[in-house]
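The basis for the numbers below is simple: all heavy atoms, side chains too, and nothing from hydrogens, waters or symmetry mates. Just so you know, these numbers come straight off a predicted model, no measurement behind them.
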Amino acid sequence: MALLCFLLDLRNIPPPILGLLKQCLLHLANHYAAAPSASAAPLPDRLALCYVHHAAAAPSGSSSRSPPELKIAYRPGEKFSLRDFHHAVENLPLDGFLPDQHGSVPTGDVSLQNLFSNRAIYSWATDDISKKVIAICFSAQNTEPLRRSLMEASEQCITVEFVMLETETAAFMYDDVSENSSSFIHRISDLENCVVRRYSPETQVLHGLVKRWLEELKDDKEEMMQAVLVFRAPIIKSVNQVTCSIYPSANQIIDGFPYCQVCRCHGLPIDDVTTNKAKWLCPTTSRQLAASDVTDSAVKIGDQTVLFLSTSGGGPNMRRASTSISFDVIERTDLASLNEGVIMGKSHVVVPSSNDEVALTDESLDQNTQIFYGVCETLFKLDQGLVCSSACNTETMKIGTLACYYLLQPSEKGPMLLRRLAGSEEILPLPDVSRPRNYTVSMDAKNSIETSLSKIAVKEYNPLHHERGFHSKLNSLVKDSLQFGSIAPAYAEDATHLDSFSEPQIPALQGPRGNMFMSQRDKAKKQRASKPPSAGAATASGRGGVSSTQGKKPLLPFEPSASQPLKPTFNRVRRKPVP
């Protein structure tokens, strides 16, 4: 968890790139507000926004520009305000770019001393919260004051990340862009609390930046998992294992923004939406609320954020999906180019409907079956799948207001497979780990690996041959429990009550059949009453599964059916190589 302070040097950011950065900041705030949280407390404010801007008007009688100013657009408060942060981003000045100085170091420097002092970033969070300044396209003519400010920030445990956005167009128009950036980086590279990163302002790159910034903001940042691949035979010499790092490839988001009732006193949602005014209680003080104390014109964003609207036209509440779910086919996709990292959740087998499931005539049902298998076989030959959208999330089986995407994967002659696809908001960035340049595997290592892999059996995966051990483990636990013996519960009553409780209650029937059941029950009671009580009677009656099992018939032996389950063959989804 960290406090992130974004510092945009508007002098060096062209309007098109500024528009992309504004979208990134809005997306970051949206993700942060809607992120799930285990706490019901208000969302802590961990975002700040500052910018460097040249005043438009120059001093009277002077032909030079006025010196640049450092302004704070959004400062953290007690709880994060999504509305105020959006307002600050949308109102960033659009006239700050200096095209005549782009590519060269702008005249005039900005002092960051106030930002790094106790009057600003240091006072926005407590000592246990790390603080980070993300300076985008920042430059300085004289680095000595900047170095002093950065060294003061280091003493207060503030890290600074300089983000340089460089386009090919800018490099072509301004030959000295790269040179000036390199010079600036060289002058501050020795500072331990500083890091400089260069990016191309492409959509995919900026999307990855947003997700990385979000990981620093969230309290529940997932730790990187370590894994070890253990082989039964050595891979190279005596080495039989490979250590790896595991990262999630996607993360599900919420399915919509339902309306909610909010108390006006604290601005917090009431747990249950109800029209019963007697049940309106303040979630903070548990005070009885009157109708004037509650507003319906609000929507809930995630678990901790509420937005007040001018009308009660918020989104509907999530509802359970009906027996029929609509999937809209929007495009085809080549399975060979599909990245498996975008596949989420569990898969569903799709088969044509039968007469027992839908009310169709025989002719319509036959036509429906022909179309289904015709589409399936055609897609299989093309090695393609269908991309569908739906308002239903098959993981939760609820209808929301946000779209979910699915892949309908064909098989040769059998059913199709429905698999959930991640949207742009759910994809996580790849780790900052790439294969070193000019790194090659020696021929000896390749030969040793191929020899070792050839010793591993090649089999077609069959889930029936790969048990997780659920039944064997549970059966073992039950056997251990039976050997331990029976213990009478502390709340057990007398033997007579337990005996009568364990006996099923048979309703009184009229006629000969009813007399037959009653006579059997009466006979059983007389037999138990005629037997003298023994020392273990109470214990036997307390156990109940002993005398009753003697009269049960043995189970019939299981005879396996000669028919085997159908085994559909789906086109293999090939992993798209990571660039």
Side-chain angles (χ1 to χ4, degrees), residues 1-9 21-52 70-89 91-92 110-138 146 149-163 188 191-197 206 208-223 301-305 429 432:
M1 181 176 62
L3 168 70
L4 299 185
C5 176
F6 290 90
L7 173 61
L8 277 63
D9 194 341
L21 286 175
K22 291 171 66 174
Q23 289 299 315
C24 289
L25 293 175
L26 295 180
H27 291 176
L28 175 63
N30 293 344
H31 279 298
Y32 181 55
S37 176
S39 173
L43 188 65
D45 208 346
R46 297 285 181 263
L47 282 174
L49 178 61
C50 310
Y51 62 90
V52 177
L70 174 65
K71 297 187 177 181
I72 299 177
Y74 179 86
R75 63 179 70 239
E78 294 183 1
K79 62 180 180 179
F80 178 63
S81 173
L82 180 63
R83 178 180 175 275
D84 293 347
F85 190 84
H86 269 246
H87 179 75
V89 173
N91 286 276
L92 286 173
V110 179
S111 174
L112 300 181
Q113 184 177 2
N114 291 339
L115 180 63
F116 294 143
S117 69
N118 292 339
R119 288 176 290 174
I121 186 173
Y122 193 69
S123 62
W124 291 341
T126 55
D127 293 340
D128 59 326
I129 304 297
S130 61
K131 306 165 189 65
K132 183 175 185 179
V133 175
I134 300 176
I136 301 179
C137 297
F138 186 83
L146 176 63
S149 297
L150 294 176
M151 293 175 65
E152 293 175 2
S154 177
E155 294 177 356
Q156 301 179 24
C157 300
I158 299 176
T159 60
V160 182
E161 178 178 322
F162 292 93
V163 176
I188 63 172
L191 299 178
E192 295 182 355
N193 65 323
C194 295
V195 62
V196 180
R197 304 186 189 277
L206 296 178
L209 281 178
V210 170
K211 294 303 178 68
R212 290 190 177 94
W213 293 335
L214 180 63
E215 289 180 349
E216 297 186 63
L217 279 176
K218 292 170 57 178
D219 291 338
D220 55 348
K221 178 181 177 181
E222 296 185 6
E223 296 288 341
I301 313 298
D303 297 329
Q304 300 171 291
T305 303
D432 286 329

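Test Val196, Val195, Val133 against Phe162 for side chain to side chain contact (heavy atoms under 4.5 Å, CB included) and you get one pass: Val196. Of the options Pro76, Pro44, Ser130, a side chain to side chain contact (heavy atoms under 4.5 Å, CB included) to Leu3 is made by Pro76 and by none of the others.
Relative orientation of the Phe80 and Phe85 rings is tilted, given thresholds of 30° and 60° on the angle between their planes.
The two residues Ser81 and Tyr74 have their closest heavy-atom pair at N-OH, 3.4 Å. Closest heavy-atom contact between Lys22 and Val89: CE-O, 3.2 Å. The two residues Ile301 and Ala34 have their closest heavy-atom pair at CG2-CB, 4.0 Å. When every heavy atom of Ala2 is checked against every heavy atom of Leu217, the shortest pair comes out as O-CD2, 3.5 Å. Between Cys50 and Ile72, the shortest heavy-atom contact is SG-CG1, 3.8 Å. The shortest non-hydrogen separation linking Cys5 to Leu115 is SG-CD1, 4.1 Å.
Interatomic distance, Glu192 CD to Thr159 OG1, rounded to the nearest 0.5 Å: 12.5 Å. Distance check: Phe6 CZ to Leu49 CG gives 8.5 Å after rounding to the nearest 0.5 Å. Separating the CG atom in Leu150 from the CD atom in Glu152 is a distance of 9.5 Å, to the nearest 0.5 Å. One distance of note links CZ of Arg212 with CZ of Arg197; it measures 8.5 Å at 0.5 Å rounding. To the nearest 0.5 Å, atoms CG (Leu47) and CG (Leu25) are separated by 8.5 Å. How far NE2 of His27 is from CH2 of Trp213: 12.5 Å, rounded to the nearest 0.5 Å.
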Residue pair Trp124, Asp45: steps toward the side chain to side chain contact (heavy atoms under 4.5 Å, CB included) verdict
CA-CA 9 Å; Trp124 291 341; Asp45 208 346; over 6 Å; no
Please walk me through it: do Lys218 and His31 pass side chain to side chain contact (heavy atoms under 4.5 Å, CB included)?
CA-CA 10 Å; Lys218 292 170 57 178; His31 279 298; over 6 Å; no
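Considering only heavy atoms from C-beta on, Leu82 stays 4.5 Å or farther from Tyr32 through its side chain. You'll find the side chain of Lys79 stays beyond 4.5 Å of the side chain of Thr305, heavy atoms only. No side-chain heavy atom of Leu21 sits less than 4.5 Å from a side-chain heavy atom of Leu92. Between Ile158 and Asn193, every side-chain heavy-atom pair lies at or beyond the 4.5 Å cut-off.
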